[in-house]
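The next block holds one structure in the form of structure tokens; read it before the comments.
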Amino acid sequence: MSRYETDEDQVEAIKSWWKKNGTQLLSGILVIVLAWTGWTYWQNSQMTKALNASAVFEVMQVKQSQKALGDVLRDGLKLMEEQPESPYASGVALMIAKHYFEENAFDKAIENYQWAVDHAPDQSIKLIAQMRLVTVYVQEKMFEKANQVLTAIDRTSLSAAEKGNYDFQVAELALTEGKASQAKEAYNRVVSNAEAPESIQNLARLKLADLAG
């Protein structure tokens, strides 16, 4: 025999169950719906942010090639403020720093290169910012600062090509400080590094020729 003798008994049983558990069930469904809706919104929001960041980056690349980056500096700075974790923001910081460097606004160049060092989500981007930061420090004869940046880099973790760039900066710093023997050693490491960028190798050879003369 069925647990419920008649249809009316089943209806009453359902009503009784619903009275006890209906609110809890609805709450659970609501939580699931809100969670799904929230997740979908978050995904869409993240995609929108990424697309906007990409658009800003691309516009700034075009403007930089046209020597008109100053026209969109505000957009770049806004991206850095709103999405500091984005790789596009780090790329923008590098472009802004280069712009200021070319304008001889070295303090602002240092500020933006340092921002990229602090926020870059990728080690390769961070290394680029560090190498450019050293270049500015060397030019401004801020040798202690340049040494601090280089010391913070773990050379053993670098690729062969990255070591070429690193050693070249070490040589440039040593040369500017008047440490000719250290500069020669570092330039020679660049020249003997088959994976070092060709442009860097050629510069190192010229520097070595000057030192030999």
Side-chain angles (χ1 to χ4, degrees), residues 50 53-54 57 60-61 64 76 79-81 83-102 105-213:
S54 174
F57 181 78
M60 293 191 73
Q61 279 188 309
Q64 185 179 50
L79 174 61
M80 290 163 61
E81 180 181 352
Q83 299 188 52
E85 76 287 351
S86 169
Y88 292 113
S90 296
V92 164
L94 292 176
M95 282 190 279
I96 291 175
K98 184 174 184 289
H99 166 77
Y100 282 130
F101 180 78
E102 292 172 349
F106 298 118
D107 287 348
K108 289 187 176 181
I110 290 170
E111 178 184 338
N112 284 278
Y113 280 137
Q114 187 60 57
W115 190 97
V117 170
D118 294 338
H119 294 87
D122 180 86
Q123 282 300 116
S124 60
I125 298 175
K126 180 177 180 179
L127 183 65
I128 291 170
Q130 288 170 314
M131 293 296 95
R132 293 183 183 177
L133 189 56
V134 170
T135 298
V136 182
Y137 282 144
V138 169
Q139 178 163 315
E140 289 301 284
K141 295 184 170 26
M142 301 171 69
F143 302 136
E144 185 177 348
K145 290 284 188 181
N147 267 310
Q148 287 174 358
V149 176
L150 289 171
T151 301
I153 299 170
D154 179 11
R155 188 180 182 280
T156 61
S157 67
L158 304 180
S159 68
E162 289 171 339
K163 286 177 182 177
N165 284 314
Y166 175 87
D167 287 331
F168 186 82
Q169 292 299 338
V170 169
E172 290 288 278
L173 174 58
L175 184 63
T176 309
E177 287 184 294
K179 301 174 181 177
S181 61
Q182 292 183 21
K184 285 181 182 179
E185 289 177 8
Y187 284 133
N188 277 316
R189 287 199 298 270
V190 176
V191 171
S192 62
N193 182 347
E195 299 299 319
E198 184 177 355
S199 59
I200 296 296
Q201 285 186 322
N202 290 336
L203 281 173
R205 290 189 183 96
L206 288 173
K207 299 279 187 172
L208 284 170
D210 288 342
L211 287 169

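What you are looking at is a predicted structure, and each value in this text was computed from that prediction instead of being measured.
Identified under the ring-ring contact (aromatic ring centres under 6.0 Å, His included) test for residues 194-213, with sequence neighbours left out: none. Sorted pairs that involve residues 190-213 and meet ring-ring contact (aromatic ring centres under 6.0 Å, His included), not counting sequence neighbours, are lacking altogether. Every pair passing side chain to side chain donor-acceptor pair (under 3.5 Å) that includes a residue from residues 92-101 is listed here, sequence neighbours excluded: Lys98-Glu102.
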Sequence neighbours excluded and cut-off under 3.5 Å, please list the side-chain donor-acceptor pairs for residues 121-128, or say none.
unit_1, atom_1, unit_2, atom_2, d
Asp122, OD2, Ser124, N, 2.8
Asp122, OD2, Ser124, OG, 2.1
Asp122, OD2, Ile125, N, 3.4

Enumerate donor-acceptor pairs with a distance under 3.5 Å from any side-chain N or O in residues 136-150 to protein atoms, sequence neighbours excluded.
unit_1, atom_1, unit_2, atom_2, d
Asn147, ND2, Phe143, O, 3.4

Let me have the donor-acceptor pairs involving side chains of residues 172-180, under 3.5 Å, with sequence neighbours excluded, atom names and distances please.
unit_1, atom_1, unit_2, atom_2, d
Glu172, OE2, Tyr187, OH, 2.3
Glu172, OE2, Lys207, NZ, 3.4
Thr176, OG1, Glu172, O, 2.8

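Scored by the side-chain contact (heavy atoms from CB on, under 4.5 Å) test, Ser159 finds Ala161, Glu162 as partners (sequence neighbours excluded). For Asp107, there are no side-chain hydrogen bond (donor to acceptor under 3.5 Å, both in side chains) partners at least two apart in sequence or on another chain. Applying the side-chain contact (heavy atoms from CB on, under 4.5 Å) rule to Ala160 yields the partners Asn193, Glu195; only residues at least two apart in sequence or on another chain are considered. Scanning for side-chain contact (heavy atoms from CB on, under 4.5 Å) contacts around Ala89 gives Leu79, Met80, Ser86, Trp115, with sequence neighbours left out. With sequence neighbours excluded, the residues forming a salt bridge (charged side-chain N to carboxylate O under 4.0 Å, His left out) with Arg189 are Asp167, listed by chain and number. Every residue two or more places apart in sequence or in another chain was checked for a ring pair (Phe, Tyr, Trp, His ring centres under 6.0 Å) with Tyr166, and none qualifies.
Residue Met131 comes nearest to Asn165 through the heavy atom pair SD-O, 3.8 Å, listed as atom of the first residue, atom of the second, then distance.
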